[in-house]
Amino acid sequence: LGIPAEPLFRSRDLRRIADHTAPIVDRTAVVVATEFPYAELMLTTDVSKLTEIINHFMQNAVKFTESGSITLGYELQDGEHVRIWVRDTGKGIPEEDKDRIFERFVKLDEYVPGTGLGLAMARTYAKSLGGTIGVETRLGHGSTFWVRLPLM
């Protein structure tokens, strides 16, 4: 009999994800940073699913950012939601592909490793947590992938 995992996601979990990502980027060209508006974030949720969502965002940022920065952050919204996001200075996504990238097996660049399942899984997990997922992007200027979840 195992002890159930604590269903509490904290800002230190976000920092751990950023710290895990930093060594896999070209540190001479890409900086991995965090933007946390509060010293502590506590969110009751399925920690493994939320961690997977953020990891997919970070992995994509690493794949598509050759220089500049990858920033992981969060913001509280309307007192009832948190929006966790990953912003990069990568190549961005064409407007016509913004919604399509969350579908299964969709890859916009066949030369980049991956199956095209990561963002589809992230969307499924976000919905199962009562949240939404999306992207803000500008071709040639980077993207911000986000998940918005209820605080309780």
Side-chain angles (χ1 to χ4, degrees), residues 2-22 24-25 30 32-65 68-109 112-139 141-152:
I3 298 171
E6 184 179 351
L8 203 56
F9 188 88
R10 300 170 183 261
S11 51
R12 69 176 175 230
D13 298 313
L14 288 174
R15 180 149 333 270
R16 200 171 298 125
I17 293 168
D19 291 345
H20 179 73
T21 303
I24 61 175
V25 301
V30 179
V32 176
T34 56
E35 276 186 27
F36 302 159
Y38 304 100
E40 187 62 59
L41 165 71
M42 290 188 286
L43 177 64
T44 303
T45 190
D46 183 321
V47 173
S48 64
K49 285 182 180 178
L50 181 52
T51 300
E52 280 293 313
I53 292 168
I54 299 164
N55 277 329
H56 286 299
F57 291 169
M58 293 295 279
Q59 289 166 11
N60 280 348
V62 168
K63 286 181 198 176
F64 296 104
T65 304
S69 62
I70 298 170
T71 306
L72 171 59
Y74 72 89
E75 60 205 13
L76 299 179
Q77 295 184 324
D78 66 30
E80 296 180 18
H81 293 87
V82 63
R83 184 177 182 254
I84 301 171
W85 48 266
V86 174
R87 181 177 58 233
D88 67 57
T89 57
K91 60 189 198 176
I93 300 162
E95 188 66 30
E96 63 271 14
D97 293 322
K98 275 176 50 173
D99 294 327
R100 206 168 73 84
I101 59 170
F102 293 101
E103 295 172 12
R104 293 173 44 184
F105 303 112
V106 170
K107 290 179 62 172
L108 300 182
D109 187 338
V112 175
T115 60
L117 287 173
L119 292 175
M121 286 175 46
R123 181 179 63 180
T124 300
Y125 286 166
K127 285 181 181 179
S128 76
L129 298 175
T132 56
I133 194 172
V135 62
E136 297 152 14
T137 185
R138 206 167 119 217
L139 196 56
H141 295 279
S143 302
T144 301
F145 283 87
W146 54 265
V147 60
R148 185 174 189 262
L149 299 170
L151 285 172
M152 289 294 175

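For the pair V147 and F57, the tightest heavy-atom approach, listed with the atom from each and the gap, is N-CE1, 3.9 Å. Summarising the geometry of S48 relative to D46, their closest heavy-atom pair is OG-OD1, 2.8 Å, with the distance given to 0.1 Å. The two residues M58 and A18 have their closest heavy-atom pair at CE-CA, 4.1 Å. When all heavy atoms of S69 and T89 are compared, the pair lying nearest together is N-OG1, 2.9 Å. In plain terms, the two heavy atoms of L8 and D13 that are nearest each other are O-OD2, 3.9 Å. Summarising the geometry of W146 relative to T144, their closest heavy-atom pair is CD1-O, 3.8 Å, with the distance given to 0.1 Å.
Residues passing the side-chain contact (heavy atoms from CB on, under 4.5 Å) test with H81 are Q77, D78, R148, P150, sequence neighbours excluded. Checked against ring pair (Phe, Tyr, Trp, His ring centres under 6.0 Å), Y74 has the following partners two or more places apart in sequence or in another chain: F36. Residues forming a side-chain hydrogen bond (donor to acceptor under 3.5 Å, both in side chains) with D19 (at least two apart in sequence, or on another chain): none. Legend: residues meeting side-chain hydrogen bond (donor to acceptor under 3.5 Å, both in side chains) with H20, ordered by chain and number and at least two apart, are absent. Partners of N55 under the side-chain contact (heavy atoms from CB on, under 4.5 Å) rule, at least two apart in sequence or in another chain, are I17, T51, Q59.
In this structure, CD1 in I53 is found 8.5 Å from NE2 in H56, a value given to the nearest 0.5 Å. For the atom pair CZ (R10) and CZ (R15), the distance works out to 14.5 Å, reported to the nearest 0.5 Å. With rounding to the nearest 0.5 angstrom, the OG1 atom of T65 is 11.5 Å from the CZ atom of R87. Atom CG of residue L14 and atom CH2 of residue W85 lie 10.5 Å apart, to the nearest 0.5 angstrom. Here the CG atom belonging to L41 is positioned 11.5 Å from the CZ atom belonging to R12, to the nearest 0.5 angstrom.
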V62 vs T21, side chain to side chain contact (heavy atoms under 4.5 Å, CB included): CA-CA, chis, key distance, verdict | CA-CA 8 Å; V62 168; T21 303; 3.5 Å; yes
Steps toward side chain to side chain contact (heavy atoms under 4.5 Å, CB included) verdict (L151, L43) = CA-CA 6 Å; L151 285 172; L43 177 64; 4.1 Å; yes
Let me have the donor-acceptor pairs involving side chains of residues 128-137, under 3.5 Å, with sequence neighbours excluded, atom names and distances please.
from	atom 1	to	atom 2	distance (Å)
S128	OG	K49	NZ	3.2
S128	OG	Y125	O	2.8
E136	OE2	R83	NH2	2.5
T137	OG1	I93	N	2.9
T137	OG1	G142	O	3.1
T137	OG1	S143	OG	2.8

